[in-house]
Amino acid sequence: LYVWRGSVWLTQQRDGRDHLLQPGESFRLDRAGAALISPLGKGAGISLSTTQQQQQDAGFPVHSFAMQ
């Protein structure tokens, strides 16, 4: 997950930590299960992407997309 603009709150299933990401910061989703990504305020822009090798290493499919 890469944050292009705005602030984003992220939490993953079976992970007790929450993450607050600012523009220019990234986070690697590191477990199977749901991930909740919420913009804080207006105008957040993020993208999710992975290489084929990272996807194989993760052991679960990660689809690439961007949302605003």
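Note that the structure is predicted; figures quoted are calculated from it, not measured.
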So do L10 and F27 actually touch side chain to side chain, heavy atoms under 4.5 Å?
yes
Joint cluster assignment, L21 & L36, ILVMFWY side-chain distance < 4.5 Å
no
Is it true that D15 and R17 make a salt bridge, defined as a side-chain N closer than 4.0 Å to a carboxylate O?
yes
Would a distance-only check, ignoring hydrogens and angles, find a side-chain to backbone donor-acceptor pair under 3.5 Å from R28 to L1?
no
Joint cluster assignment, I37 & Y2, ILVMFWY side-chain distance < 4.5 Å:
no
Heavy-atom distance under 4.5 Å between the side chains of S47 and W4, does that happen here?
yes
State, to 0.1 Å, how close Q12 and R31 come at their nearest heavy-atom pair, and which atoms those are.
OE1-CG, 3.6 Å
If you round to the nearest 0.5 Å, how far is OG of S38 from CG of D18?
10.0 Å
Using modelled atom types and a 3.5 Å cut-off, is there a donor and acceptor pairing between side-chain atoms of R14 and backbone atoms of A32?
yes
Is it true that, when you exclude W9 itself, more than 12 heavy atoms of the residues, nucleotides or ligands shown sit nearer than 6.0 Å to its CH2?
yes
Over all heavy atoms of both residues, which pair between V8 and A44 is shortest? Give the atoms and the distance, please.
CG2-CB, 4.2 Å
Donor-acceptor pair, Q13 side chain versus G33 backbone, under 3.5 Å?
no
On a heavy-atom basis, which atom in Q22 and which in S7 lie closest, and how many Å separate them?
OE1-OG, 2.9 Å
